[in-house]
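Encoded as structure tokens, the structure appears first; notes follow it.
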Number of protein chains: 2
Amino acid sequence: MPKTKDKNKAAEHLPEIEIFKDYIRRKGLRFTPEREIIVREIFEIHDHFDVDELYLRLRNKGKKLSKASIYRTLPLLIDCGLIQEVYHEDGHMHYEHVYGHEPHAHVRCLECRKVEEFTDQRIKEIEEHISKEFGYRLTGLRFELLGYCPDCLKKQYLS
Amino acid sequence: MPKTKDKNKAAEHLPEIEIFKDYIRRKGLRFTPEREIIVREIFEIHDHFDVDELYLRLRNKGKKLSKASIYRTLPLLIDCGLIQEVYHEDGHMHYEHVYGHEPHAHVRCLECRKVEEFTDQRIKEIEEHISKEFGYRLTGLRFELLGYCPDCLKKQYLS
DNA sequence: TAATAGTTGAATTTCTTTTACAATTACTAA
DNA sequence: TTAGTAATTGTAAAAGAAATTCAACTATTA
């Protein structure tokens, strides 16, 4: 078997796909080609993404599936804990991977609109505190800090 | 001057109104009756709110102003730091007061959809850390924990 | 008091997301 | 392997939020 085939094989066994398949079957749903294409594409994006970006990436690769299918697949991926809504901006929702990512916060510059990620041990501590103290079973978090980045502060847009 | 008059007077000097007025004038904008009505109503709501709720509250009080005015006023209130977007749910944005409120997190139950607030000293510590370490000037934060509340866990919806 | 510039409401538009429906297809069990 | 069934798809339409256009109005300034 040629090497390239091996590579492709490896790509087919993304843990995300397996988790999705398990979820789909547990729910009595169907693992369709459309869903597979969408999920694979999402996990090739290594950044925040939105429906339009995902749709255009697929179109550019010649995959002609409808936006309706994307809109229908996203809640499934959220439900099985693979992705989550991160923030609503420019009139639509933005998503990010969850599986394999540590809980983290986003710092957003209100001037240049850049978003940076950072982790802090205290985020987990707070989660644990809430779980134990309030009796919640936590499945996700969104943490966003808003302000102005050093570059924009330097450029004297703001003082 | 009768006591009731004093009470009303006091209500007129809400610090939020003064902050809004200052902002409006600093920007060369106008403090109109519509804006005043909207801002006063917002600060009579002591909870998260959305455009529709605000609009209906005003309607029920016989204040007939347009949703367009609400949509136009909210960004002003966000810009001067009086309110912020908290979360996007049910297809629209929800807001909360910022002025006079300590930074806090929201815990949302994905089953009963209840939202609880809590504070934690570590939230401020993280803010300070980001400010100092990354050189940001921070103006706000959103912190949302998602999961299942003890009541819903008990009801065996989930195990 | 007139001129200027910001604001309002109503209606319209834009855009995101959801949904209805008929055709199609994945899965199940014989 | 092959029906039978129930879920899924794409298309188009619908629903809904938010932004915008525009003429009438109004606060502020000169």
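Note: hydrogens, waters and symmetry copies are ignored here, and every other heavy atom, side chains too, is used. Throughout, a chain's letter reflects where its sequence line sits, starting with A, and its residues are numbered from 1.
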Handout entry: Under the side chain to side chain contact (heavy atoms under 4.5 Å, CB included) test, residues paired with A/S66 that sit two or more places apart
Key = A/A68, A/S69
Problem - For atom OH of A/Y55 and atom C1' of D/dT9, their distance in whole Å - result: 13 Å
Handout entry: Separation between SG of A/C149 and NZ of A/K114, rounded to the nearest 0.5 Å
Key = 3.5 Å
Handout entry: Length of the line joining B/E34:CD and D/dC25:P, which is rounded to integer Å
Key = 14 Å
If you look only at distance, which donor and acceptor atoms sit under 3.5 Å apart when one is on a side chain in residues 74-86 of chain A and the other is two or more places apart or in another chain?
| from | atom 1 | to | atom 2 | distance (Å) |
| --- | --- | --- | --- | --- |
| A/D79 | OD2 | A/Y23 | OH | 2.6 |
| A/Q84 | NE2 | A/E96 | OE2 | 3.0 |
| A/Q84 | NE2 | A/L141 | O | 3.0 |

Completion exercise
Across all chains, not counting sequence neighbours, the side chain to side chain contact (heavy atoms under 4.5 Å, CB included) partners of A/R113 are A/E89, A/D90
Problem - First-last contacting nucleotides on DNA chain C - partner chain B, under 4.0 angstrom, heavy atom - result: C/dA5 to C/dA10
Problem - Separation of D/dT8 C1' from A/E36 CD (nearest whole Å) - result: 15 Å
Problem - Among B/R59, B/R35, B/K61, the one residue meeting salt bridge (charged side-chain N to carboxylate O under 4.0 Å, His left out) with B/E41 - result: B/K61
Practice task
Work out how much the helix from C/dT1-D/dA30 to C/dA30-D/dT1 bends between its end axes, five pairs an end, to the nearest 10 degrees.
Solution key: 40°
Exercise for the section: Rounded to the nearest angstrom, tell me the gap between atom CD1 in A/I70 and atom P in D/dT8. Expected result: 17 Å
Practice task
Please determine if B/K124 and B/E102 form a salt bridge, counting it only when a charged side-chain N lies under 4.0 Å from a carboxylate O.
Solution key: yes
Exercise for the section: Scan for salt bridge (Lys or Arg N to Asp or Glu O under 4.0 Å) pairs involving residues 64-78 of chain A, sequence neighbours excluded, and state none if there are none. Expected result: A/D52-A/K67
Practice task
Report yes if at least one side-chain N or O of A/T32 is closer than 4.0 Å to OP1 or OP2 of D/dT9; otherwise report no.
Solution key: yes
Would you tabulate the pairs of protein nitrogen or oxygen atoms and nucleotide nitrogen or oxygen atoms of nucleotides 14-21 of chain D closer than 3.5 angstrom?
| from | atom 1 | to | atom 2 | distance (Å) |
| --- | --- | --- | --- | --- |
| D/dA18 | OP1 | B/M93 | N | 3.2 |
| D/dA18 | OP2 | B/Y71 | OH | 2.9 |
| D/dT21 | O4 | B/R72 | NH2 | 2.8 |

Practice task
Could I get the full list of ring pair (Phe, Tyr, Trp, His ring centres under 6.0 Å) partners for A/F143, not counting sequence neighbours?
Solution key: B/F143
Completion exercise
Contacts satisfying ring pair (Phe, Tyr, Trp, His ring centres under 6.0 Å) that involve residues 24-53 of chain B (not counting sequence neighbours) are B/F43-B/H97, B/H48-B/Y87, B/H48-B/H106, B/F49-B/Y95
Completion exercise
So CG of B/D22 and CZ of B/R26: to nearest 0.5 Å the spacing works out to 6.5 Å
Handout entry: By ring pair (Phe, Tyr, Trp, His ring centres under 6.0 Å) - contacts of A/F134 (at least two apart)
Key = B/F118
Exercise for the section: Indicate if A/I19 and A/V98 have the same hydrophobic cluster label, given that clusters are the connected sets of ILVMFWY residues with side-chain heavy-atom separations under 4.5 angstrom. Expected result: no
Practice task
List in chain and number order the residues that pass salt bridge (Lys or Arg N to Asp or Glu O under 4.0 Å) with B/E34, two or more places apart in sequence or in another chain; answer none if no residue qualifies.
Solution key: none
Exercise for the section: Under 4.0 Å from any atom of DNA chain C, heavy atoms only: list the residues of residues 22-31 of chain A that qualify, in numerical order. Expected result: A/R30, A/F31
